[in-house]
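Working notes, structure below.
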Amino acid sequence: MEILLYTISFILIVLSLVATIWVARKPGETQYGEKTKENFSRLTWIYSVTTLISLILFVLFLYWA
């Protein structure tokens, strides 16, 4: 049961990352890219760090469980 929850969580993380990139690449405004370049970089870092921490915690949980 736990593996199912972790798998679903991982899939949701990946889907949210893909959706964020998709939205950032297809702006509706003409100057949207200029305004969001900094936000896109920030979100990329947030997702990267969150994913890394989640994977580390997952491995630690499997090791100690």
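The structure presented is a predicted model; accordingly, all values stated were derived computationally and were not measured.
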request  = Sequence neighbours left out, what pairs pass side-chain hydrogen bond (donor to acceptor under 3.5 Å, both in side chains) with at least one residue falling in residues 4-17?
outcome  =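 For residues 4-17, and leaving out neighbouring residues, there are no side-chain hydrogen bond (donor to acceptor under 3.5 Å, both in side chains) pairs at all.
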ask   = For residues 43-59, which residue pairs qualify under side-chain hydrogen bond (donor to acceptor under 3.5 Å, both in side chains), counting only residues two or more places apart or in two chains?
value =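 Matches after skipping sequence neighbours: Thr20-Tyr47.
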message = Could you work out, with side-chain contact (heavy atoms from CB on, under 4.5 Å) as the rule, every residue matching Ile56, not counting sequence neighbours?
response =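 With neighbours one apart ignored, the set is Leu52, Leu60.
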task = Go through the structure and list residues passing side-chain contact (heavy atoms from CB on, under 4.5 Å) with Ile53, not counting sequence neighbours.
result =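 Ile53 satisfies side-chain contact (heavy atoms from CB on, under 4.5 Å) with Val49, Leu57 once adjacent residues are dropped.
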Would you mind listing every salt bridge (Lys or Arg N to Asp or Glu O under 4.0 Å) that reaches into [range], with sequence neighbours excluded?
range          : result
residues 42-58 : Glu38-Arg42
residues 54-64 : none
residues 43-55 : none
residues 11-22 : none

inquiry  = Starting from Ile11 and following side-chain heavy-atom contacts under 4.5 Å between hydrophobic residues (I, L, V, M, F, W, Y), which residues can be reached?
reply    =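 Result for Ile11 is Leu15.
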key: Residues in ring pair (Phe, Tyr, Trp, His ring centres under 6.0 Å) contact with Phe10, at least two apart in sequence or another chain   =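 Counting only residues at least two positions away or on another chain, Phe10 forms no ring pair (Phe, Tyr, Trp, His ring centres under 6.0 Å).
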